[in-house]
Amino acid sequence: MRNLLNFILRYSTWFVFTFYVVISIFLLVIGSRYRQSVYLTSANAVSGTIYDGTSQVTGYFNLRSINESLQASNAQLQNEVLNLKNEIAQYKMLLSDTAETFQSADRYGYVAASVINNNTRHPKNFFTINRGTLDGIEQGMGVMDQSGIVGIVNVAGPHMARVISLLNETQHFSVKIKDTSFVGSLNWKGGDATIAYMEEVPRHVKYEIGDTVVTSGYSTTFPEGIPVGIIMNRVRSQDDSFFTFKVHLLPDFRSLSTVRVIKDIYKEEIDSLATFDALINE
């Protein structure tokens with residue numbers, strides 16, 4: 001208390017001066033409508049500037065949560081679009097008096113996840129996402145971002161999972177040229193994180209530079225039609241019976257942030273049938 005009184009007494013002159021200034025400004029403004037309008041206009045401009053700056057700062061710190069929310073909404077919309085395509089295909093099969101397809105309207109689902117660790121510098125690259133078995137993530141599920149496929153879940157823990165990146169020399173992905181039935185195998189050969197190669201493409205295939213490469217749908221990892229890359233040119237193949245295309249990958253692997261894990265409700269059943277076939281052929 002004594003310190004407070006000493007502080008007030010020490011700076012009493014400044015307090016009195018400030019008091020008189022405030023009173024003077026108040027009397028000056030209240031005595032004229034013109035001065036009141038000038039004051040209100042200036043005060044609104046200053047407060048507007050402050051509020052705008054505050055909004056920009058808070059908006060910047062909310063970008064991550066906004067991005068995650070948008071990705072979740074995008075995943076839901078993409079799930080609906082893909083399942084509607086499957087339902088339309090089913091109706092077409094029924095209308096053509098053929099056997100009913102096994103795909104249902106809710107075959108695929110998506111789980112949005114954030115990339116928390118990533119690497120593109122090694123021959124065998126992996127990245128980690130913040131979703132695991134408690135979120136329904138399992139080994140073998142495909143992973144994509146907003147541009148295209150980026151990898152396959154390799155190991156899943158309760159809260160996190162490790163994904164084999166498409167930038168992994170040991171991985172091959174079943175792909176095809178969009179709007180065709182010509183299937184090939186996509187493989188990354190190291191070095192440039194934007195280039196991969198589509199191999200084992202039949203020589204009779206008709207293609208053009210700039211054609212889009214998409215997933216073939218011949219596995220439970222990825223549905224048909226997810227973008228992969230763009231054909232840049234044809235390169236020399238080791239086997240003269242097939243073409244090899246140089247493909248520019250659509251995803252930017254150096255800046256992966258938010259991805260979506262693809263869930264196929266028929267994966268376990270289809271994989272078990274494939275295992276049964278393998279046992280018969282042994």
Side-chain angles (χ1 to χ4, degrees), residues 57-79 82 108-175 185-198 213-215 219-223 226-230 247-264 267-268 271:
V57 172
T58 56
Y60 174 80
F61 287 106
N62 289 331
L63 283 178
R64 182 175 183 86
S65 60
I66 293 173
N67 182 52
E68 291 178 350
S69 176
L70 289 174
Q71 288 291 343
S73 299
N74 194 15
Q76 181 179 358
L77 290 173
Q78 190 165 18
N79 179 34
L82 186 60
Y108 296 104
Y110 293 85
V111 177
S114 295
V115 177
I116 58 177
N117 183 31
N118 184 28
N119 205 319
T120 62
R121 300 188 302 271
H122 305 300
K124 300 177 182 179
N125 294 295
F126 300 85
F127 60 88
T128 305
I129 58 176
N130 65 342
R131 293 289 184 269
T133 55
L134 295 179
D135 305 291
I137 307 301
E138 298 177 0
Q139 181 183 11
M141 288 183 173
V143 184
M144 61 178 293
D145 73 350
Q146 67 275 11
S147 300
I149 67 171
V150 294
I152 301 174
V153 175
N154 174 237
V155 180
H159 306 286
M160 299 181 185
R162 187 178 76 159
V163 179
I164 303 177
S165 174
L166 187 151
L167 306 182
N168 191 307
E169 295 179 347
T170 65
Q171 290 298 303
H172 291 77
F173 298 83
S174 179
V175 296
S185 176
L186 186 82
N187 177 235
W188 183 67
K189 298 186 180 298
D192 194 337
T194 66
I195 302 298
Y197 294 87
M198 181 179 178
V213 177
V214 299
T215 52
S219 70
T220 57
T221 305
F222 296 104
I226 298 179
V228 177
I230 303 295
V247 177
H248 176 76
L249 299 174
L250 293 176
D252 184 355
F253 286 88
R254 293 191 177 93
S255 61
L256 285 182
S257 58
T258 306
V259 297
R260 296 189 289 277
V261 183
I262 304 169
K263 301 173 65 176
D264 184 351
K267 174 177 172 54
E268 184 176 351
D271 288 345

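- Listed by chain and residue number, Thr212, Leu250 satisfy the side chain to side chain contact (heavy atoms under 4.5 Å, CB included) test with Ile230 (two or more places apart in sequence, or in another chain).
- Partner of Ile129 under the side-chain contact (heavy atoms from CB on, under 4.5 Å) criterion, out of Val163, Val111, Asn118: Val163 alone.
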Can you give me every donor-acceptor pair (side chain of residues 120-127, partner residue at least two apart or in another chain, under 3.5 Å) with its distance?
residue : atom : partner : partner atom : Å
His122  : NE2  : Asn119  : ND2          : 3.2
Asn125  : OD1  : Arg121  : N            : 3.3
Asn125  : OD1  : His122  : N            : 2.9
Asn125  : ND2  : His122  : O            : 2.5
Asn125  : ND2  : Leu167  : O            : 2.9

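- Side-chain atoms of Thr215 come within 3.5 Å of backbone atoms of Pro223 as a donor-acceptor pair (strictly under, hydrogens ignored).
- Scanning all heavy atoms of the two residues, the minimum distance from Val150 to Pro251 falls at CG1-CB, 3.7 Å.
- For Asp192, the side chain to side chain contact (heavy atoms under 4.5 Å, CB included) partners are Thr194, Ile195, not counting sequence neighbours.
- Shortest non-hydrogen contact noted between Ala161 and Ala156 is CB-CA, 4.0 Å.
- Between Ala196 and Leu249 the shortest heavy-atom distance is CB-CD2, 3.8 Å.
- Legend: side-chain hydrogen bond (donor to acceptor under 3.5 Å, both in side chains) pairs involving residues 157-167, not counting sequence neighbours, sorted by first then second residue: Asn154-Arg162.
- Pairing each heavy atom of Met160 with each of Ile116, the nearest pair is SD-CD1, 3.6 Å.
- Residues forming a salt bridge (charged side-chain N to carboxylate O under 4.0 Å, His left out) with Asp264 (at least two apart in sequence, or on another chain): Arg107.
- From Leu186, atom CG reaches atom CG of Leu166 across 5.5 Å, with rounding to the nearest 0.5 Å.
- Side-chain contact between Phe173 and Thr221 is absent, with no heavy-atom pair separated by less than 4.5 Å.
- The minimum heavy-atom distance between Pro227 and Ser147, with the atom names listed, is CB-O, 3.6 Å.
- Shown here are the side chain to side chain contact (heavy atoms under 4.5 Å, CB included) partners of Met141, two or more places apart in sequence or in another chain: Glu138, Val153, Val261, Lys263.
- Counting heavy atoms from C-beta on, the side chains of Ser257 and Val115 never come closer than 4.5 Å.
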